[in-house]
Amino acid sequence: MFASTDVGSARQVLLLVELADGSDFQIDLVYPYRDTLERARGLPSPDWLTRLARTSFEALEDSPEIRFPAPPQALRIEVWRILAAENTLNTHGEMVTSARFPLPDDWPRD
Amino acid sequence: MLEASPAALAAWLSCVLLLLSPVGDWRIRPLVLALAVLGLLWREGWRSPALWWALALLTGARVLLDWPLADNHAYLLVYWCLALALGVREPALLARNARLLIGLCFALAAWQKWSSADYRNDVFFLTTFLLDERFENLAVLSGLSYEQIDLAREYLEADPRLPSRAFPFELPLGLWLMARFSTVWNLAEQSLVALSFLVPPGSRLRCLRDPILLVFCLCTYAVAPVVGFGWILLAMGVAQAEASHRLRKAYLATFIVLIFYGEVPWSGLLVDLFNLG
């Protein structure tokens, strides 16, 4: 009941597609996939992160307009929280958890 | 309803709150609304344990469907429907459960606050006033402009991988004072509510429990936009209150005041009145 800044809605989830050239390509989820992201953000357990990865792969399959500059290799999910300093409110990010999911074997895209 | 027993009044108010603040998505909400209407209109249906078992099941299903995102008062509503199912015909049992639910709810809330560093140092309220759109007008009343609020949001919600930067402007004294007051007031008041509801019978502190709960609801829900939570607390409060007309009137009046809190955007009206922002 209103006690901490570390609540699900204040966390940030980064969905980063790792590419063969070593760079990351950040994606975002919209309806209807976003619901899973919000649940995983609230409870970033291995189970919810796995569900989020699965949902992200589905979303990517449904978004053929996305073109990666290099072949995608894996999806990295990072959950961050923002910490604000007493007296100044200067912020810095702190990673809550992260997980890496190789692309499925039947991944259809280049 | 003023002549009804505390248990009956509590059950009736609980049906009203489910109508005013229906819960769940399209699968749950129509059923909850139908049961609430049934409880109010059909042969004093609010006195039926079956009604409350059904509502406990539905509100419980809502928590499961929303897992893990359900708000804390969603859980409290399930417990309260269960308490009504068990005690709507046994007023002493209902009163005891209502007292325990309020006491434990506030004890856990107070413990969370006491143990949270970013609550105790005001950071929680400062960032809440800046980030939560529902408190935007309150932030403006404390001396911020809407442009500053936008800047603050951009800063506080920036990419967390960026290196640490300084806050983009100096926060007004009014915001610091409002955050400090909110921190101290909530800690003190919630601790006191917990104590007054959990102390053994005979303690003088116990006599304060109804006025303190009413003050909590009148103050908190004027600002916090979750009147549904307030209505649940008031329904539980009625169930455990002494059978006095004055107390019942006070609980009913507070219940009605909260309806207006939910419908009248008073902070926005004040901002417009004083041409702030």
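Lettering follows sequence order; numbering is per chain, from 1.
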Suppose we call two aromatic rings close when their centres sit under 6.0 Å apart. Are B:Tyr221 and B:Tyr261 close by that rule?
no
With a 4.5 angstrom heavy-atom cut-off, could you sort out which part of B:Leu156 is near chain A: side chain, backbone, both or neither?
both
Do B:Asn72 and B:Leu108 make a side-chain contact, defined as non-hydrogen atoms from C-beta onward lying under 4.5 Å apart?
no
Does B:Arg209 reach the main-chain N or O of B:Phe197 with its side chain, forming a donor-acceptor pair under 3.5 Å?
no
Honestly, the part of A:Gln12 sitting under 4.5 Å from a heavy atom of chain B is side chain
Of all the residues in residues 114-121 of chain B, which have a heavy atom that comes within less than 4.5 Å of a heavy atom in chain A?
B:Ser116, B:Asp118, B:Tyr119, B:Asn121
Can you tell me how far the CG atom of B:Leu175 sits from the CD atom of B:Glu170, to the nearest 0.5 Å?
12.0 Å
Given the rule in the side chain to side chain donor-acceptor pair (under 3.5 Å) test, do B:Asn137 and B:Tyr146 qualify, once you have shown the distances and angles that lead to the verdict?
CA-CA 9 Å; B:Asn137 289 320; B:Tyr146 288 116; 2.8 Å; yes
Check whether any side-chain heavy atom of B:Arg62 lies under 4.5 Å from a side-chain heavy atom of B:Leu77, and answer yes or no.
yes
Which atoms of B:Leu171 approach chain A - backbone, side chain, both or neither, heavy atom under 4.5 Å:
side chain
Any side-chain heavy atom of B:Leu233 within less than 4.5 Å of one from B:Leu76?
yes
Determine, step by step, whether B:Trp80 and B:Ser14 satisfy the side chain to side chain donor-acceptor pair (under 3.5 Å) criterion, reporting the C-alpha distance in whole Å, the side-chain angles of both residues, the deciding distance to 0.1 Å, and the verdict.
CA-CA 9 Å; B:Trp80 178 232; B:Ser14 301; 2.8 Å; yes
Tell me, for A:Glu78 versus chain B, whether the close heavy atoms (under 4.5 Å) come from the side chain, the backbone, both or neither.
side chain
So what's closer than 4.5 Å to chain B heavy atoms on A:Ala10: side chain, backbone, both or neither?
neither
Cut-off 4.5 Å, heavy atoms of chain A, and the answer for B:Ala152 is neither
So, B:Tyr75 versus B:Tyr79, ring centres under 6.0 angstrom or not?
no
Decide side-chain contact (heavy atoms from CB on, under 4.5 Å) for B:Asp122 and A:Asn87; before the verdict, give the C-alpha distance in whole Å, the side-chain angles of both, and the deciding distance to 0.1 Å.
CA-CA 9 Å; B:Asp122 302 336; A:Asn87 298 325; over 6 Å; no
Could you walk me through whether A:Ile82 and A:Thr5 pass the side-chain contact (heavy atoms from CB on, under 4.5 Å) check?
CA-CA 8 Å; A:Ile82 306 284; A:Thr5 53; over 6 Å; no
Toward chain B, the part of A:Thr91 with a non-hydrogen atom under 4.5 Å:
both
Report yes if the distance between the aromatic ring centroids of B:Phe169 and B:Phe167 is under 6.0 Å, otherwise no.
yes
Proximity breakdown for A:Leu83 and chain B, heavy-atom pairs closer than 4.5 Å:
neither
Just checking heavy atoms, which of residues 43-58 of chain A are less than 4.5 Å from chain B?
A:Leu43, A:Trp48
Identify the heavy atoms of A:Arg39 and B:Leu69 that sit nearest to each other, and give their distance.
CG-CD1, 3.7 Å
